[in-house]
Amino acid sequence: MGGTFDPIHYGHLVAAEAVRSEYGIERVIFIPSGNPPHKVTKRVTNAERRYLMTELATVNNPYFYASRLETDRPGSTYTIDTVSEISRICDAGTELFFITGADAIFSILTWKDARLLLSMCAFIGVTRPGYNKSSLMEHIGNVNEQYEDRLKFLEVPALAISSTDIRRRAEFGKAIKYLLPEEVETYIKKHDLYRLDLKDFDKDNAIKYLSENLTEKRFLHTMNVAWEAVGIAERLGADKGKAYIAGLLHDCAKDVGQTPEAFKDIGVETYDGAFPQLSHGPLGAKIARELGVNDEDILNAITYHSTGRKEMSLLEKITFVADAVEPGRPEDAQREIRAALDQDINGAVVSALKRKFEYCARKGQSVHPLGREALSYYESLKN
Ligand code: ATP
Ligand code: MG
């Protein structure tokens with residue numbers, strides 16, 4: 001069973017055990033992927049640590065083993081290389097299965113040397129919650145017509161656990177107990193693996209300010225955006241701590257008085273009377289400074305989160321997009337912007353800007369010139 005295992009959790013272990021007993025498998029070897037080559041965008045925990053967690057998670061199952069095969073190999077590894085290596089080590093005639101999530105089964109024919117790979121081992125796709133079984137069965141049927149039933153499928157007890165979710169919980173100091181083996185949990189705590197690095201930012205004080213100054217709905221939105229920004233930053237290899245702070249504080253001024261007077265009182269020059277609904281950006285940056293933020297990039301992300309602007313920094317784009325895709329937003333907008341984000345962040349910015357303009361049009365509000373400029377700038381980048 002291959003995976004990033006960042007960290008390994010009960011979803012992986014339950015799935016592997018179900019496959020083992022169903023297919024009478026002698027050994028399940030968990031192979032955490034190695035360190036990714038420099039250019040990939042997803043930031044993962046050091047391969048050695050992921051291997052060690054896998055070892056810890058598998059110690060008390062006599063059929064389970066952890067392998068360093070990919071850990072010790074520099075650069076990225078293709079499944080075909082790993083399977084070839086395993087088959088070389090095994091006794092002749094050993095039957096090999098590759099256990100994987102149903103998500104991977106869909107892309108299997110695009111893997112390197114797919115035909116050869118499928119001739120060397122069968123693939124067992126296990127479902128996880130949220131997978132559409134009928135389209136999976138159809139896909140497996142189609143592939144199996146050409147590949148001698150090499151794709152198999154097993155429904156395992158639904159465990160809605162993912163490594164991403166565990167990391168988010170650990171980053172935000174939430175409980176991860178019962179989602180993964182205790183030894184792994186202890187290892188994560190001991191080495192402080194996923195905690196966000198917020199430098200000297202006083203998060204509790206900021207959250208207290210937000211809970212006292214935002215409506216309940218806005219407070220929830222704010223926490224969602226912080227969470228979302230961390231996830232996007234992780235995928236893009238950006239600073240997750242900064243993304244968290246920018247997301248957390250982006251709307252900190254939204255529910256304080258937005259009158260021109262209020263702006264004068266705090267000495268914000270950028271107030272634009274024609275767009276009162278957008279003034280909470282610059283005003284928010286002012287409050288963020290008072291809450292101890294002095295990083296210019298974070299302050300800019302807050303200032304421009306509502307209008308957007310051309311030539312945004314990566315952090316500004318992350319904050320802008322996170323605000324548009326958080327789970328409280330309309331589902332169709334989320335889907336559209338997330339799909340764009342899977343391609344690249346600039347496309348997601350375009351998509352989020354367009355959604356925003358549509359919203360303004362429906363409300364009879366005019367669009368801020370900075371936003372208009374941003375749209376034509378990011379649209380021109382796409383071509
Ligand atoms: P991430 O959230 O970082 O993608 P993950 O939880 O999906 O992590 P991976 O290391 O990517 O973990 O998973 C390795 C394999 O295990 C994948 O093929 C994945 O689909 C499968 N898998 C992960 N979680 C579950 C689960 N809860 N139930 C069944 N299979 C799972
Ligand atoms: Mg995954």
Heavy atoms, side chains only, cut-off 4.5 Å: are S313 and N300 in contact?
no
May I ask you to decide if L370's main-chain N or O and H368's side chain share a donor-acceptor pair within less than 3.5 Å?
yes
I need the single residue from K317, R329, K254 that forms a salt bridge (Lys or Arg N to Asp or Glu O under 4.0 Å) with D323. Which is it?
R329
Compute whether any side-chain donor of one residue and acceptor of the other, for R50 and S33, lie under 3.5 angstrom apart.
yes
Is a salt bridge present between K242 and D295, judged by a nitrogen-to-oxygen distance below 4.0 Å?
yes
Can you give me the closest heavy-atom contact between A238 and I318, atom names plus distance?
CB-CD1, 3.6 Å
Just wondering, do K112 and T79 contact through their side chains at under 4.5 Å, heavy atoms?
no
Would you say L299 and V293 make side-chain contact, with heavy atoms under 4.5 Å?
yes
Could you tell me whether the side chain of R150 and the main chain of L118 form a donor-acceptor pair under 3.5 Å?
yes
So do K203 and Y244 actually touch side chain to side chain, heavy atoms under 4.5 Å?
yes
Could you walk me through whether Y78 and L117 satisfy the side-chain contact (heavy atoms from CB on, under 4.5 Å) test, starting with their C-alpha distance in whole Å, then the side-chain angles of each, then the deciding distance to 0.1 Å, before giving a yes or no?
CA-CA 10 Å; Y78 293 104; L117 187 59; over 6 Å; no
Run the numbers on R88 and E85 for salt bridge (Lys or Arg N to Asp or Glu O under 4.0 Å), then give the verdict.
CA-CA 5 Å; R88 203 180 54 78; E85 185 70 18; 3.0 Å; yes
Charged N to carboxylate O below 4.0 Å: is that the case for K208 and E212?
yes
Pair E234-R168, salt bridge (Lys or Arg N to Asp or Glu O under 4.0 Å): steps then yes or no:
CA-CA 10 Å; E234 176 175 83; R168 286 298 91 80; 3.0 Å; yes
Quick one: does I188's side chain get under 4.5 Å of P7's, heavy atoms only?
yes
NZ/NE/NH1/NH2 to OD/OE distance under 4.0 Å, E185 and K189
yes
When you look at D342 and R338, which way does the salt bridge (Lys or Arg N to Asp or Glu O under 4.0 Å) test go after all the steps?
CA-CA 6 Å; D342 284 341; R338 278 182 207 285; over 6 Å; no
Answer yes if L96 and I25 sit in the same cluster of Ile, Leu, Val, Met, Phe, Trp and Tyr residues linked by side chain heavy atoms under 4.5 Å apart, and no otherwise.
no
Mind checking whether P181 and L56 have side chains closer than 4.5 Å, heavy atoms only?
no
Hey, are the side chains of M53 and E183 touching, using non-hydrogen atoms and a 4.5 Å cut-off?
no
Indicate, with yes or no, if L196 and I176 share a hydrophobic cluster defined by side-chain heavy-atom contacts under 4.5 Å among Ile, Leu, Val, Met, Phe, Trp and Tyr.
no
Fit a plane to each ring of F98 and F123, take the angle between them on a 0 to 90° scale, and name the class: parallel (under 30°), tilted (30 to 60°) or perpendicular (over 60°).
tilted
Quick one, D165 with R167, criterion salt bridge (Lys or Arg N to Asp or Glu O under 4.0 Å). Give me CA distance, side-chain angles, the key distance, then yes/no.
CA-CA 5 Å; D165 183 57; R167 289 196 301 277; over 6 Å; no
Could you give me the CA-CA distance, side-chain angles and deciding distance for I287 and L249, then say whether side-chain contact (heavy atoms from CB on, under 4.5 Å) is met?
CA-CA 9 Å; I287 294 172; L249 295 180; over 6 Å; no
Whether the side chain of H221 engages the backbone of R218 through a donor-acceptor N/O pair (distance < 3.5 Å, no angle test) should be reported.
no
Rounded to the nearest 0.5 Å, what's the gap from CD1 on I337 to CG on D332? Could you check?
9.0 Å
Are L13 and I124 grouped together when hydrophobic residues (ILVMFWY) are joined by side-chain heavy atoms under 4.5 angstrom apart?
yes
Please work out which of the three classes, parallel, tilted or perpendicular, describes the rings of F97 and Y23, given edges at 30° and 60°.
tilted
Do V321 and V225 belong to the same hydrophobic cluster, where Ile, Leu, Val, Met, Phe, Trp and Tyr are linked whenever their side-chain heavy atoms lie under 4.5 Å apart, directly or via other members?
no
Within a radius of less than 6.0 Å around CD of E182, do more than 12 heavy atoms belonging to other residues, nucleotides or ligands occur?
no
Would you say the ring centroid of H12 lies under 6.0 angstrom from that of F30?
no
Flag side-chain contact, heavy atom, 4.5 Å: R20 against I99
no
Whether over 12 other heavy atoms sit under 6.0 Å from E216 CD:
no
Check whether more than 12 heavy atoms from other residues, nucleotides or ligands sit under 6.0 Å from atom NZ of K152, and answer yes or no.
yes
